[in-house]
Amino acid sequence: MNIKHRPHMMHRFLTVAFIVSLVPVAAGAEDGLAAWLRYARLDAAAAQRAAQGLPMSVVTFEDSAPVQKARDELVKGIRGMLGRDLATVSALPREGGIIAGTVARLRQAVPGLSLAATVPADGYFLKTATIGGARCLVIAGESDRAVLYGAFAVLRRIALGHALTPLDERQEPAAPVRWVNEWNNIDGSIERGYGGRSIFWDGGRIRDDLSRVNDYGRLLASLGINGISINNVNANPLVLSSAFVPQVARVADVLRPWGVRLALAVDFGSPQSLGKLPTYDPLDPSVIAWWKARADDLYLAIPDFGGFVLKADSEGRVGPSAYGRSHADAANVVARALAPHGGVIFYRGFVYDHHMDWNNPKNDRARAAYDNFHPLDGQFDANAIVQIKHGPIDFQVREPASPLFGALGKTNQAIELQITQEYMGQGRHTVFLVPMWKAALDFDLHVGGAAPSPVKALVSGKTFHRPTGGFVGVSNVGLNPNWYGNHLSQANLYGFGRLAWNPDLTSQQIVDEWTRLTFGNDPLVVQTVTRIQLDSWPTYENYTGPLGLQTLTDIVGNHYGVAVEASERNGWGQWHRADDKAVGMDRSVASGTGFVGQYSAAVSKVYESVESCPDDLLLFMHHVPYTHRLHSGKTVIQYIYDSHYAGADAVERYVGDWNALRGRVDDQRFAEVAEQLTYQAGQAVVWRDAVSRWFHRASGIADARGRVDHYPDRLEAESATLAGYAVTKVTPWETASGDGAVECSAASCTATFQYTGASGPRDIVVQYFDVNTGAARFRLRVGDRVIGEWTGTDRVPTRRLDGSSSSRRTFRDVSLQKGDTIVIEGTPDAAETAALDYIETLPAGRRQR
Ligand code: GCV
């Protein structure tokens with residue numbers, strides 16, 4: 001065997017101490033920046049297990065940046081987790097090493113190494129082998145970046161406590177496209193971003209300090225994500241200007257070592273608005289030449305530029321319809337400019353008319369993607385990919401899989417999944433989205449003849465043997481140290497990346513991995529966090545819009561708080577059509593919009609009939625009376641009530657479960673997650689009451705369990721003795737208890753309540769409004785006793801008293817005597833009026849009602 005040994009290195013290897021720390025690592029403060037790549041020290045037993053037989057050096061033969069990153073990451077990770085310092089060498093030492101490199105190079109450098117004949121694009125091998133009598137761990141990648149993927153996989157195994165020897169694993173990604181989109185504006189704001197300002201842009205240009213971009217590239221590489229577009233799909237034409245090219249090239253330089261290709265979202269009108277041409281008609285020769293010139297310019301500076309993302313003819317963006325051209329014409333003019341350089345265009349399938357006449361019962365936004373793109377199947381160039389949101393509407397809490405996935409047999413496609421939590425609690429609520437994505441990815445659209453054709457196979461190009469396709473996640477990370485504004489939301493990026501690599505992984509596997517990597521292997525922590533995460537989507541669905549109602553959030557506003565009617569009587573087409581007798585959109589072929597007919601016969605048969613339609617999509621597909629009985633036997637209206645109470649109760653349980661982890665999770669993350677879950681528990685009550693009261697009023701049918709509109713422990717602020725406070729209406733009405741709220745327009749005001757309940761310890765809940773226009777102060781007194789003081793400084797996305805600003809504070813174990821006066825003093829600040837909704841006195845420790 002032809003192996004070069006370097007004896008002079010030997011001494012160094014032998015003197016490197018094999019130290020496995022027996023000292024438990026203190027739970028220091030962690031801010032979440034390292035996410036799942038913390039490389040925290042393993043406990044002694046796990047470290048010893050992983051270290052057994054692990055060589056003491058990393059051997060690389062290549063200078064390419066991704067391979068060097070792989071080497072550095074191995075050194076860093078093994079030092080962190082095992083307390084071992086690996087040597088880095090460029091020749092195989094006599095006692096073996098961790099050999100990391102591309103398959104092609106390793107075959108040359110280590111001829112005795114036997115690797116399978118073929119390795120798919122971006123695939124890698126992990127293999128323990130005896131080479132020249134020495135034990136080695138081989139990480140062999142098809143490409144530079146695949147070496148990096150292999151290194152991260154080894155580190156993941158160590159962190160999870162899996163044995164490294166023996167190892168013989170061949171990994172390949174499900175699809176070539178594994179991208180993220182960041183909807184960042186060039187001024188540094190982020191559309192639907194909840195984790196702070198952009199890590200890429202600031203004040204109309206690329207940031208000077210790109211260290212967070214480097215950190216992000218590392219996270220993406222650890223998941224096998226290989227492409228990123230860094231600006232909003234509602235694109236500013238300026239990004240294509242020559243002046244921007246060097247700036248954008250800086251970002252590409254930072255991401256390249258991590259194997260992540262850079263892309264831009266472009267505006268279809270750019271040839272006219274930026275290029276000053278008289279037209280942006282995709283068939284006009286000057287426009288064709290313009291796109292080509294812009295692409296050529298970019299590729300000069302960024303030879304591995306990934307391509308463009310295009311949103312056209314959608315939500316006010318210009319598109320080919322202006323010239324009577326098709327989406328294929330639009331995609332192809334850009335595709336042809338990119339093709340000579342190996343770039344691709346992602347053409348978004350999110351095209352619909354947001355001025356639809358809501359009076360027409362046949363109109364249906366859900367039909368739009370299929371109606372627009374199915375007729376064009378086969379007309380898109382080979383480097384064009386139609387990027388399709390996972391459901392036919394827009395990231396709602398429950399949607400069926402888009403029928404368009406099954407209707408493009410001759411077109412490349414990618415699924416668009418939303419990691420940022422628009423419509424899904426915006427990082428203020430913990431909602432683990434992987435189970436929702438799995439439901440779409442695993443759904444069989446029955447378009448593959450006898451063979452199953454789940455969405456994951458369609459988008460990966462497997463069903464129709466397409467050259468490319470895959471997965472795009474709308475990510476929107478920000479400068480917040482924990483990326484999304486919520487530590488637990490990081491699991492969504494992790495889950496997206498893992499599914500893009502292997503959509504057959506289960507939600508349980510993914511969350512188990514993520515939790516161990518992010519919070520360690522303490523069994524109680526793992527059990528608690530995985531349970532909360534796995535339960536969180538159905539819980540969110542329960543307290544927002546169950547049965548296929550869609551999220552029921554304020555769709556004409558911030559897409560966050562509850563506003564049951566916001567979707568109705570406007571052109572946006574997210575209608576649920578609830579009236580006094582019935583609820584749901586009739587999308588059947590027989591009597592509705594015909595959307596169901598866009599699916600294959602096997603699928604449409606199930607959705608077409610009320611009897612066979614699954615309950616969780618019933619109101620997405622059908623308009624049924626409130627008294628309709630679900631498969632469970634429960635009526636629709638009672639299900640709406642019960643699910644909302646179940647959802648709110650579940651979040652309150654999460655708070656208790658999380659609090660039991662005190663001391664097992666580092667202090668900073670423990671406190672921040674505790675605060676987030678407590679807030680979510682309060683918001684879940686706001687949602688619960690608003691939705692259940694709205695449907696109570698609409699249907700006139702009482703809750704069989706007597707809870708809705710009956711709150712015996714509540715004292716409404718409107719009925720308190722008010723000094724300075726004045727009663728005000730709240731819009732939408734369902735977001736305030738009773739008849740509204742009270743607002744203070746004086747320097748300070750008081751609301752005084754008489755406590756008439758039994759004497760004893762009570763939890764006092766104060767429901768108040770915290771808008772983002774000031775920092776009003778509040779004080780809670782019982783008689784002269786000050787129980788608590790707080791300031792309304794939360795940056796919730798609203799200036800108004802509504803479901804987003806309604807906030808809750810609970811003071812535990814307050815001793816109350818019958819006849820006590822409970823006083824809230826409110827001191828407004830700027831435009832925040834120290835508004836109050838109600839107080840509630842609950843027997844100490846009892847669930848909120
Ligand atoms: C970037 C939804 C969001 C928009 C987003 C759009 C899209 O409508 O509310 O903010 O625009 O989807 O995906 O293009």
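Numbering of ligands and ligand atoms starts at 1, following listing order.
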Distance filter under 4.0 Å to R348 heavy atoms, resulting ligand 1 atoms: 7 (C), 13 (O), 14 (O)

Under 3.5 Å: N/O of R192 near N/O of ligand 1: yes

Six-ring centre of F620, R587 cation under 6.0 angstrom, axis tolerance 45°: yes

Atom indices of ligand 1 within 4.0 angstrom of N232 heavy atoms, with elements: 1 (C)

Atom CZ of R799: over 12 foreign heavy atoms under 6.0 Å: no

Whether W572 and H354 hold their rings parallel, tilted or perpendicular, with breakpoints at 30° and 60°: parallel

Polar contact flag, side-chain donor to acceptor under 3.5 angstrom, Y370-S402: no

Donor on one side chain, acceptor on other, E315 and Y352, under 3.5 Å: yes

Short side-chain donor-acceptor distance under 3.5 Å, D187 and S189: yes

Student check: side-chain heavy atoms of T544 and V691 closer than 4.5 Å: no

Identity and distance of the protein heavy atom lying nearest atom 9 (O) of ligand 1: E422 OE2, 2.5 Å

Part of F350 with heavy atoms under 4.0 Å of ligand 1, whether side chain, backbone, both or neither: side chain

Protein residue, atom and distance nearest to atom 6 (C) of ligand 1, heavy-atom basis: E315 OE1, 3.2 Å

Numbering as shown, the atoms of ligand 1 that approach K311 to under 4.0 Å (heavy-atom distance): 6 (C), 7 (C), 11 (O), 14 (O)

Can you give the donor-acceptor pairs under 3.5 Å from side chains of residues 426-434 to other protein atoms, not counting sequence neighbours?
residue : atom : partner : partner atom : Å
Q426    : NE2  : N558    : O            : 2.8
Q426    : NE2  : H559    : O            : 3.3
R428    : NH1  : D794    : OD1          : 3.3
R428    : NH1  : D794    : OD2          : 3.1
R428    : NH2  : D794    : OD1          : 3.4
R428    : NH2  : R795    : O            : 3.0
H429    : ND1  : Y543    : OH           : 2.6
H429    : NE2  : Y560    : OH           : 3.2
T430    : OG1  : N486    : ND2          : 3.2
T430    : OG1  : Q676    : OE1          : 2.8
T430    : OG1  : Q676    : NE2          : 3.3

Protein contact of atom 1 (C) of ligand 1 - nearest heavy atom, named by residue and atom, plus distance: N234 ND2, 3.3 Å

Contact atoms of ligand 1, heavy-atom distance to V233 under 4.0 Å: 1 (C), 14 (O)

Per-atom contacts, ligand 1 versus H559 - under 4.0 Å to a heavy atom: 9 (O)

Pair R577 + D586, salt bridge at N-O below 4.0 Å: no

Region of D394 engaging ligand 1 - heavy atom pairs below 4.0 Å: side chain

Nitrogen or oxygen of K389 less than 3.5 angstrom from that of ligand 1: yes

Where ligand 1 meets E191 - atom numbers and elements under 4.0 angstrom, heavy-atom basis: 1 (C), 4 (C), 5 (C), 10 (O), 11 (O)

